[in-house]
Amino acid sequence: MQPVVHLFVGYLCWSAYARFYRGEPPAPAPAAVAVFGAALPDLIDKPLAAWGVVPVGRTIGHSLLFAVPLVVAVWLLAIRFDGRILGVAFAVGYLSHIAADVPWHVIAGDFDELGFLLWPITEMPPYTGVKPLGTVAGVDVTTLWLEAAIVLVAVGVWLSDGTPGLRGARRRLGEW
């Protein structure tokens with residue numbers, strides 16, 4: 001999945017959580033934390049791969065061996081500072097990123113690329129990129145089509161949620 005699409009997936013997951021468990025649209029701060037959590041695996045791994053520290057851009061930050069302790073630590077820290085909802089938002093965002101990377105490999109049958117889940121115990125081969133899904137009416141359909149659909153749905157959900165975070169962002173930009 002393209003890194004930016006994870007932000008939309010994180011928001012969708014947080015919006016679903018807020019509506020299902022809290023019965024209301026997402027508040028701006030937890031929504032922002034969920035989106036940050038969804039971005040973090042790539043913010044960790046992509047630079048490390050670019051600098052040659054790790055072999056590919058889906059290793060440490062994407063590994064459950066790192067993710068689970070990190071999510072627990074953030075959760076405990078959030079509880080300590082009376083921000084339990086922010087700990088939940090971080091967990092939803094971060095884990096949505098890892099979960100969203102799995103289906104593309106399963107759909108394409110590239111099961112060896114799931115090595116990131118237990119890296120460094122399991123090997124992570126080079127990422128093969130966009131996955132082909134088939135041909136419809138002579139047009140090659142790839143995972144990018146699904147990702148575009150995710151972005152469109154997420155924008156629609158964000159609009160129906162009342163655009164959480166937009167008012168605060170406008171206010172802050174106006175202060176500059």
Side-chain angles (χ1 to χ4, degrees), residues 1-46 57-79 81-108 110-111 113-119 124 127 129-131 133 142-169:
M1 180 171 285
Q2 302 303 310
V4 70
V5 180
H6 285 292
L7 308 179
F8 293 93
V9 170
Y11 181 80
L12 281 172
C13 290
W14 181 250
S15 178
Y17 174 90
R19 292 210 177 258
F20 186 78
Y21 289 105
R22 301 177 62 83
E24 57 192 29
V33 169
V35 170
F36 171 75
L40 193 54
D42 283 336
L43 292 174
I44 293 169
D45 287 341
K46 302 305 183 200
R58 195 178 290 156
T59 52
I60 298 166
H62 289 74
S63 176
L64 293 173
L65 301 175
F66 175 81
V68 171
L70 176 65
V71 165
V72 169
V74 169
W75 167 254
L76 293 173
L77 192 62
I79 290 172
F81 290 99
D82 202 28
R84 180 173 303 212
I85 194 69
L86 299 178
V88 174
F90 179 82
V92 167
Y94 199 98
L95 296 174
S96 76
H97 182 119
I98 294 170
D101 275 340
V102 171
W104 299 160
H105 303 299
V106 172
I107 290 169
D110 295 333
F111 299 105
E113 288 189 35
L114 295 174
F116 69 87
L117 291 171
L118 294 176
W119 189 88
M124 184 55 201
Y127 180 57
V130 175
K131 309 291 184 195
L133 299 175
T142 69
T143 51
L144 289 177
W145 288 66
L146 294 176
E147 292 177 21
I150 289 168
V151 169
L152 291 174
V153 168
V155 168
V157 168
W158 180 68
L159 289 170
S160 75
D161 285 345
T163 64
L166 186 59
R167 194 171 310 129

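Values below: all heavy atoms of this structure, side chains included; hydrogens, waters and symmetry mates excluded. The model shown is predicted, which means the values in this text are computed figures rather than measured ones. Sequence positions, counted from 1, serve as the residue numbers for this chain.
- Using a distance-only test at 3.5 Å, with no hydrogens or angles considered, no donor-acceptor pair links the side chain of Asp161 to the main chain of Ser15.
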Verdict with supporting geometry, Leu117 and Val102, side chain to side chain contact (heavy atoms under 4.5 Å, CB included): CA-CA 9 Å; Leu117 291 171; Val102 171; 4.2 Å; yes
Please set out all donor-acceptor pairs under 3.5 angstrom arising from side-chain atoms of residues 87-95, sequence neighbours excluded.
unit_1	atom_1	unit_2	atom_2	d
Tyr94	OH	Gly61	O	2.6

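- With rounding to the nearest 0.5 angstrom, the CZ atom of Phe116 is 8.0 Å from the CG atom of Leu64.
- At least one donor-acceptor pair under 3.5 Å links the side chain of Glu147 to the backbone N or O of Gln2.
- Checked by atom type and distance alone, the side chain of Asp45 pairs as donor or acceptor with a backbone atom of Ile60 at under 3.5 Å.
- A pairwise comparison of heavy atoms in Ile98 and Ala67 identifies CD1-CB, 3.4 Å as the closest pair.
- Across all non-hydrogen atoms, the minimal contact from Ala38 to Gly10 is CB-CA, 3.8 Å.
- Between Arg58 atom CZ and Asp101 atom CG the span is 4.0 Å, to the nearest 0.5 Å.
- No more than 12 heavy atoms of other residues, nucleotides or ligands shown are found within 6.0 angstrom of CZ on Arg22.
- Looking at Ile44 and Phe66, their side chains come closer than 4.5 Å, going by heavy atoms from C-beta outward.
- Between Leu40 and His97, the closest side-chain pair of non-hydrogen atoms is not below 4.5 Å.
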message: Evaluate Trp75 against Leu77 for side chain to side chain contact (heavy atoms under 4.5 Å, CB included), listing each step before the verdict.
response: CA-CA 5 Å; Trp75 167 254; Leu77 192 62; over 6 Å; no
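- Contact of the Tyr11 side chain with the Pro26 side chain is registered, since non-hydrogen atoms from C-beta on lie closer than 4.5 Å.
- When all heavy atoms of Ser160 and Arg19 are compared, the pair lying nearest together is O-NH2, 3.7 Å.
- Qualifying salt bridge (charged side-chain N to carboxylate O under 4.0 Å, His left out) partners for Glu113, counting only residues two or more places apart in sequence or in other chains: Lys131.
- Proximity of the aromatic rings of Trp14 and Tyr17 is defined here by a centroid distance below 6.0 angstrom, and this criterion is met.
- A pairwise comparison of heavy atoms in Lys46 and Pro3 identifies CE-CG, 4.3 Å as the closest pair.
- Put simply, the side chain of Trp104 reaches to within 4.5 Å of the side chain of Met1, judged on heavy atoms.
- Within the 4.5 Å cutoff, the side chain of Val153 has heavy atoms near those of the Leu12 side chain.
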